Structures are given as structure tokens and as C-alpha cells.
Amino acid sequence: MDPDHNELTPATRAVALGRPPREPGAPVAEPVTFTSTYLAGGPVNYARVGNPTWTALEDVIGGLEGGEALAFASGLAAIDAVLTLVPPGGRVIAPGHAYNNTTGLLREYAAEGRFEVRAVDISDTGAVIAELDHLEGGRDLLHIESPTNPMMEVADIPALVSAARDRGILTAVDNTFATPLLQTPLADGADVVIHSATKYLSGHSDVLMGAVVTAPTERGRALRARMLNRRTLHGAIPGPMEAWIVLRGIRTLSVRLERASANAAELVRRLSDHPAVTRVRYPGLGAMIAIEVHGGAAAADRVCADVRLWTHSTSLGGVESQLERRRAQPAEVETVPEELIRLSVGIEDVEDLWRDLAQALGSPSRS
């Protein structure tokens, strides 16, 4: 008899969900389904509407978050689908520091007059709730990213979601950095959870994909239906091969995150005592760190150029450790310090990671 998946731990659900039926001779893993159309008479008639490989992936992501998932072609496509829930003339409260393409998309829509955007320090609960008092239930959105990218600010998700719910305001939480193994915003009452599955869910820096998850309630299903319509009509669909790659990646999410988080905690301990480091930003969970170094942008650029094991690249969440100076990205907001380096800690041996990072950091007096 199959186990009750609700009784399984998240680590086990990541492995067990999204499997084919347990029938003699059936495959153990969900295969990739390549097709553009289906025989008439079934629930799906065209591949832009659905694909069995997507369904398997959505079962896993939804099961981990405690809701019902939709896969998208990219994380940004998932974010865009959520923003379409805001009607013309509505308002969005969003972190001042967030994924720079989220802030870019918000600026673009605000410039077009679609809705108004108010930036907040998402870690200042009182200030965010004060902004919520200016919103209207049923037409406005609180967008939460926690921890924030790249400043690692942490929101009090239960408090903010509760305050928004009391005011009838929609809430969306970008859970990319924490993953559903470290926090589950739907359990705190959030309406929508967003993932860039490109990052930790996939975990191997080889695919682009996004996802949204809604609560298994009447309200949640209504929101999901609207975003499904957006995905179908605008063609923001994942390819079956990409869906399969993410599905396979999720199977090892727990062990990858456990190793990467342990590495990150040890690196934070050592970085806090390094003379070239002026500040360590670490939310106390997960494998993302940000550091600020002596010497400004030039010194930070040297660190990124001098590493040999770490990968100097703009993504995160892979098995390999990655770093970059975020203000080197033209779209990054100006309040991010020039000398800030974002570190995505991978699963390599921590001694090798530290040896490489320490030699690249050198000392604050290095010219």
C-alpha cells in the first residue's frame, strides 16, 4: 500500500512524489513525454495546455509547499503571472532589495501605469504593516522576498501575511532562497508562493524554469486558474525535457541543501573573523551569504577574479559554489553596496572552498 504522503517528511516527499503508478512493469521514474498534441477525447488536447512530465513536477513542488503548483518557462515568467493578479490601478508593496529582474519588472509596469509600486524594507515589520494600511483589499498585493536577494534581509512572514489577510490584501512570497525545506509560506497563510526552479530546486545550473504554488482552497484554486490561463494564452510554458531535469534535481534537494547549508555556516564563522571582510550578511539558514570587503568595488572585483575553485557567475543554487559582485550588474539597485559579494555555497569540501576564498580575499592592505 502506498504511504500517506502527508505523513512523510519533506525530504522523503521530494523523492516519493511525482512517480508513475506502482504497477508491474511500470517505470520507477516519470519519463519525458515529447508531444505537441494528443488523441481527441481526453482531458488535454494540445501540449500548450498540459504535459505528463509537467504534471509530475507540479505534484512534487506542490506537495513540498503544501499546495497546488504550476510550472512556468522561467522564474521571471512565474513572477509575471503573479503580478497579473493585480488589477489596473492597483498597488504593489515590494522589498526595496529583491531579485533585480523583479524590481525591473515592477518599475516597467509602474511606468506603463498598470499599477503603483511602493518599496519597503521588508525586514521592518512595523513599517510594512503601516504601508498595508494604505492599500485596498481585493485589488492590491504584498510581494515578499525572504531572504532578500542580495542583501539577505529576512521578513517576518507570519506577521506580514496575517496583517495582509486581515486587510483583504493578496500576498505572494518568493521562496527561492529558502526552498520549501526551510520555510513553507502557504502554511503561514500566504496566497501564492513563487520559485525560480532554476536555482535550488533544480540544483545543477543546467536549466531555466519557474513555478507558482497556491493553497488547496477555493480561493487558491481561483488564483491558480487565473495564472494557468496566463500561462496558456501567453505561452510561458516549460519544455518537457526542462521539466524532467528539474524533477530529477528535486530528488536530491534535501541532501544538497543539508551539505551546502553546513558549508555556509562554517564559512560564515571564518569570514566573520577575516580582516578583509567588513560585514557578513547571513540569515541563519540556507546556503546564501553576502559579504562586504575592504577596498570597495575594486577589491570586490579582485576577489571574484582571483578565485579558482569558486565559479564567478551570476546565478546561484547549484552544486558548485558561485560568487559575484552584485553591483556589477547594471540592473542592481543603487542601495546595494558596491563592495558586496553574494556567495552561493555549494557542496564541495568546505576546506577547499575556504582555502580558495581566503587566498582571493588576501588582506585589506593588499594593493
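The figures that follow rest on heavy atoms only: side chains count, while hydrogens, waters and symmetry mates do not. A quick note: this is a predicted structure, and the numbers were derived from the prediction, not measured. Counting begins at 1 with the first residue of the sequence.
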Could you report the tightest heavy-atom contact between [X] and [Y], atom names first, then the distance?
X      : Y      : answer
Ile169 : Asp191 : O-OD2, 4.0 Å
Leu132 : Leu160 : CD1-O, 4.2 Å
Gly18  : Glu30  : O-CB, 3.9 Å
Val128 : Ile122 : CG2-CA, 4.0 Å
Val82  : Ala172 : CG1-CB, 3.7 Å
Ser344 : Gly318 : OG-N, 4.4 Å

With side chains defined as the heavy atoms from C-beta onward, is the minimum distance between [X] and [Y] less than 4.5 Å?
X      : Y      : answer
Tyr200 : Leu316 : yes
Asp174 : Thr148 : no
Leu105 : Leu83  : yes

Ring-face cation contact, Tyr109 with Arg114, 6.0 Å cut, 45° max: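 Cation-pi check for Arg114 and Tyr109: passes.
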
Within the distance-only criterion (no hydrogens, no angle test), does the side chain of [X] pair as donor or acceptor with the backbone N or O of [Y] below 3.5 angstrom?
X      : Y      : answer
Asp356 : Leu309 : yes
Arg91  : Asp140 : no
Trp354 : Leu267 : no
Arg13  : Leu8   : yes
Thr84  : Ala81  : yes
Thr214 : Gly220 : yes
Asp306 : Gln359 : no
Glu266 : Arg270 : no
Thr184 : Pro180 : no
Thr171 : Ile144 : no

Check: Glu65/His195 side-chain N/O donor and acceptor closer than 3.5 Å: yes

Side-chain H-bond candidate by donor/acceptor type, Ser146 with Glu153, under 3.5 Å: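 Side chains of Ser146 and Glu153: no pair found under 3.5 Å.
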
Which residues share a side-chain hydrogen bond (donor to acceptor under 3.5 Å, both in side chains) with Thr179, sequence neighbours left out: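 Thr179 satisfies side-chain hydrogen bond (donor to acceptor under 3.5 Å, both in side chains) with no other residue.
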
Arg221: partners by side-chain hydrogen bond (donor to acceptor under 3.5 Å, both in side chains), with sequence neighbours left out: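 Only Glu68 meet the side-chain hydrogen bond (donor to acceptor under 3.5 Å, both in side chains) criterion with Arg221.
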
Derivation and outcome, side-chain contact (heavy atoms from CB on, under 4.5 Å), residues Val192 and Leu186: CA-CA 7 Å; Val192 184; Leu186 291 182; over 6 Å; no

For [X], I'd like to know if atom [atom1] has over 12 heavy atoms of other residues, nucleotides or ligands within 6.0 Å.
X      : atom1 : answer
Phe34  : CZ    : yes
Leu39  : CG    : no
Glu112 : CD    : yes

Check against side-chain contact (heavy atoms from CB on, under 4.5 Å), Asp133 and Arg167: CA-CA 8 Å; Asp133 288 332; Arg167 293 159 176 79; 2.7 Å; yes

In one Ile/Leu/Val/Met/Phe/Trp/Tyr side-chain cluster, 4.5 Å: Leu253, Leu285: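 Looking at the clustering, Leu285 is in the same group as Leu253.
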
ILVMFWY network linking Met288 to Val293, side-chain heavy atoms under 4.5 angstrom: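 No.
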
Criterion salt bridge (Lys or Arg N to Asp or Glu O under 4.0 Å) on Arg118 and Glu116, from CA distance to verdict: CA-CA 7 Å; Arg118 296 183 180 180; Glu116 178 186 344; 3.0 Å; yes

Criterion side chain to side chain donor-acceptor pair (under 3.5 Å) on Gln183 and Asn175, from CA distance to verdict: CA-CA 8 Å; Gln183 65 185 20; Asn175 205 23; 2.8 Å; yes

Audit row: Val213, Arg224, side-chain contact (heavy atoms from CB on, under 4.5 Å) steps and yes/no: CA-CA 8 Å; Val213 191; Arg224 185 183 185 277; over 6 Å; no

Ile289/Arg281 under side-chain contact (heavy atoms from CB on, under 4.5 Å): CA gap, chis, key distance, verdict: CA-CA 6 Å; Ile289 308 168; Arg281 297 174 178 266; over 6 Å; no

Pairs under 3.5 angstrom only: tabulate donor-acceptor contacts from the side chains of residues 321-333 to other protein residues two or more places apart or in another chain.
unit_1 : atom_1 : unit_2 : atom_2 : d
Ser321 : OG     : Gly346 : N      : 2.7
Ser321 : OG     : Glu348 : OE1    : 2.8
Gln322 : NE2    : Ser313 : OG     : 3.1
Glu324 : OE1    : Thr314 : OG1    : 3.3
Glu324 : OE1    : Gln329 : NE2    : 3.2
Glu324 : OE2    : Thr314 : OG1    : 3.0
Glu324 : OE2    : Arg326 : NH1    : 2.3
Glu324 : OE2    : Arg342 : NH2    : 3.1
Arg325 : NE     : Asp301 : OD1    : 2.7
Arg325 : NH1    : Glu338 : O      : 3.2
Arg325 : NH1    : Glu338 : OE1    : 2.8
Arg326 : NE     : Glu332 : OE1    : 3.0
Arg326 : NH1    : Thr314 : OG1    : 3.4
Arg326 : NH2    : Glu332 : OE1    : 3.0
Arg327 : NH1    : Glu334 : O      : 2.9
Arg327 : NH1    : Val336 : O      : 2.7
Arg327 : NH2    : Glu338 : OE2    : 3.1
Gln329 : NE2    : Thr314 : OG1    : 3.4

